[in-house]
A.B. asks: 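Pasting a structure here, questions to come.
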Amino acid sequence: MSAAHDTVLAVSHAAIIPELAELVALRSRAAQLAAGARRRSADRAAGSRHSPFRGRGMDYAESRAYAPGDDVRHIDWRLTARTGDLHTKLFAAERERTSAILLDTAAALQFGTRACFKSVQAARLGALFAWFAQAEGDRVCAAAFGRRAGQLPAAGTQRGVLRVLKALCEWSLPEQPGGAPQPMARAIDALDRTLRAGAHVLLLLDASSLDDDALRGLLRLRRQHDVIAALLVDPLERDVLPAGRYRVQTARGESLLEVPGSGRPSWQQTLRARQDGVIERLQRAGVGARLVSTREDPVPALRDLLRGGPPREGE
């Protein structure tokens with residue numbers, strides 16, 4: 001974005017439409033999220049903060065009579081008290097977990113004045129989450145709602161992740177397909193029907209997409225799964241701007257934006273209030289939520305969400 005009398009800032013193609021090569025390359029940066037997850041586990045043990053994700057573990061299978069050498073920490077004290085004989089608990093490895101990406105493709109995401117479009121930042125967050133999930137041994141699936149809708153089944157291979165990344169690119173194309181946009185609530189319900197209990201879900205959305213039906217869907221989703229949400233924002237929607245006329249580049253071309261001489265313009269106040277309200281509603285629904293700016297490094301932003309850190313506006 002620049003003043004109207006200045007030259008419009010050139011924007012690269014990759015800042016407008018996510019490129020598969022870039023999303024694939026983010027695999028190397030996903031290791032930074034894994035390091036954050038290890039620190040998260042240490043924090044949880046120390047009781048200093050809580051993660052929104054339950055993490056892997058062991059499922060109780062059955063109990064049997066205690067045998068010499070069994071771990072005393074696994075003694076089934078209730079059964080022991082009831083029978084009078086020592087019993088120990090047996091555990092089975094937790095079932096394979098699924099990580100899911102739910103992508104908003106609303107027209108409002110086809111916008112950006114710093115670094116990239118909101119849709120591109122969303123795709124980067126989704127790619128990082130997919131690579132991190134695969135490194136953790138999860139199966140990965142994805143779904144989209146809004147202008148473009150679709151759903152990919154879960155897969156645990158690298159090829160499965162690549163299919164997800166390709167879908168993120170295709171779902172983020174700016175061209176408007178035919179048909180009515182699919183509401184978020186319908187996509188949430190469809191995804192919920194395919195997930196086993198205990199899945200990890202990353203929601204990538206614009207503030208305009210959350211309505212009462214979607215919120216009720218998220219409340220149902222939270223009963224069985226861990227859900228975090230990145231609310232995509234642009235600096236133009238949050239920053240105090242000097243007075244003047246600005247050229248704004250969008251997917252459909254260039255337009256002029258008038259900023260008054262004092263205070264925040266009414267449209268900016270409205271956007272900020274809506275975004276802050278969506279964060280509050282998501283948190284009340286038990287969803288870990290955070291504003292993510294288009295000019296922000298997506299790695300620490302996603303790491304904050306995975307750690308369960310407090311939502312804050314990215315700089």
Side-chain angles (χ1 to χ4, degrees), residues 1-4 6-19 22-23 101-127 144-149 168-177 181-184 202-211 214 229-242 244-260 264-279 289-298 301-302 313-315:
M1 183 184 69
S2 59
D6 291 336
T7 302
V8 178
L9 181 65
V11 180
S12 69
H13 182 271
I16 297 175
I17 300 174
E19 296 184 345
E22 180 193 4
L23 301 189
I101 300 163
L102 187 56
L103 176 70
D104 187 356
T105 64
L109 289 167
Q110 301 294 323
F111 174 77
T113 63
R114 296 286 199 284
C116 66
F117 278 14
K118 292 194 279 186
S119 57
V120 172
Q121 185 74 311
R124 291 169 179 169
L125 291 165
F145 63 92
R147 298 175 309 112
R148 298 178 184 273
L168 291 176
C169 292
E170 293 175 349
W171 290 335
S172 301
L173 291 174
E175 292 81 7
Q176 178 73 43
Q182 184 190 68
M184 187 195 303
L202 170 64
L203 175 60
L204 303 162
L205 79 158
D206 183 80
S208 62
S209 298
L210 185 73
D211 56 21
L231 185 66
L232 283 304
V233 299
D234 184 86
L236 180 66
E237 300 166 337
R238 309 290 300 182
D239 294 349
V240 176
L241 302 173
R245 297 169 65 206
Y246 292 83
R247 288 195 182 105
V248 178
Q249 187 73 33
T250 70
R252 295 185 177 181
E254 180 186 316
S255 60
L256 287 177
L257 180 67
E258 189 81 27
V259 175
R264 297 182 186 273
S266 59
W267 57 262
Q268 193 180 53
Q269 295 178 33
T270 300
L271 284 172
R272 286 175 61 92
R274 176 190 292 172
Q275 292 163 354
D276 294 341
V278 166
I279 290 292
R290 185 191 192 279
L291 295 172
V292 180
S293 171
T294 57
R295 66 182 173 189
E296 188 173 359
D297 185 340
L302 183 55
E313 185 170 345
E315 295 298 334

A.B. asks: Is any side-chain heavy atom of P174 closer than 4.5 Å to one of I17?
C.D. replies: yes
A.B. asks: Determine whether a donor-acceptor pair (N or O, by modelled atom type, separation under 3.5 Å) exists between the side chain of T105 and the backbone of R148.
C.D. replies: yes
A.B. asks: Can a donor-acceptor pair be found, under 3.5 Å and without considering hydrogens, that links the side chain of R295 to the backbone of A115?
C.D. replies: no
A.B. asks: Within the structure provided, determine whether L168 and P18 are in side-chain contact (heavy-atom separation under 4.5 Å).
C.D. replies: no
A.B. asks: Take L103 and S172, measure what side-chain contact (heavy atoms from CB on, under 4.5 Å) needs, and give me the verdict at the end.
C.D. replies: CA-CA 9 Å; L103 176 70; S172 301; 4.1 Å; yes
A.B. asks: Please tell me if the side chains of L231 and L205 come closer than 4.5 Å, counting only heavy atoms from C-beta onward.
C.D. replies: yes
A.B. asks: Before you tell me yes or no, could you show the steps for R124 and E22 under salt bridge (Lys or Arg N to Asp or Glu O under 4.0 Å), namely the whole-Å CA-CA distance, both residues' side-chain angles and the distance that decides it to 0.1 Å?
C.D. replies: CA-CA 8 Å; R124 291 169 179 169; E22 180 193 4; 2.8 Å; yes
A.B. asks: Hey, could you give me the CG/CD distance between D297 and Q121, rounded to the nearest 0.5 Å?
C.D. replies: 8.0 Å
A.B. asks: Return yes if some donor-acceptor pair links the side-chain N/O of R290 with the main-chain N/O of A230 below 3.5 Å, else return no.
C.D. replies: no
A.B. asks: Roughly how far, to the nearest 0.5 Å, is CG of L173 from CD1 of I16?
C.D. replies: 12.5 Å
A.B. asks: Mind listing the closest non-hydrogen atom pair of W171 and R147 along with its distance?
C.D. replies: O-NH2, 4.0 Å
A.B. asks: Report yes or no: does Q275 contribute a side-chain atom to a donor-acceptor pair with the main-chain N or O of D206 at less than 3.5 Å?
C.D. replies: no
A.B. asks: Report the distance from atom CD1 of I101 to atom CG of L204, rounding to the nearest 0.5 Å.
C.D. replies: 7.0 Å
A.B. asks: If you take all heavy atoms of A144 and Q182, which pair is closest and at what distance?
C.D. replies: O-OE1, 3.5 Å
A.B. asks: Write down the atom of S209, the atom of F145, and the distance for their closest heavy-atom approach.
C.D. replies: CB-CE1, 4.1 Å
A.B. asks: Output yes when a side-chain donor or acceptor of Q110 lies under 3.5 Å from a complementary backbone atom of S119, and no otherwise.
C.D. replies: no
A.B. asks: Where do G112 and F117 come nearest, in terms of heavy atoms and distance?
C.D. replies: N-CD1, 3.5 Å
A.B. asks: Answer yes or no: is there a side-chain heavy-atom contact under 4.5 Å between L210 and M184?
C.D. replies: yes
A.B. asks: Of all heavy-atom pairs between C169 and L23, which one has the smallest distance, and what is that distance?
C.D. replies: SG-CD1, 3.6 Å
A.B. asks: Would the distance check show the side chain of Q268 and the main-chain N or O of L236 forming a donor-acceptor pair, the cut-off being under 3.5 Å?
C.D. replies: yes
A.B. asks: Do R238 and R272 come close enough that some side-chain heavy atom pair is under 4.5 Å?
C.D. replies: yes
A.B. asks: Have a look at T294 and tell me which of V120, L232, D234, T113 forms a side-chain contact (heavy atoms from CB on, under 4.5 Å) with it.
C.D. replies: D234
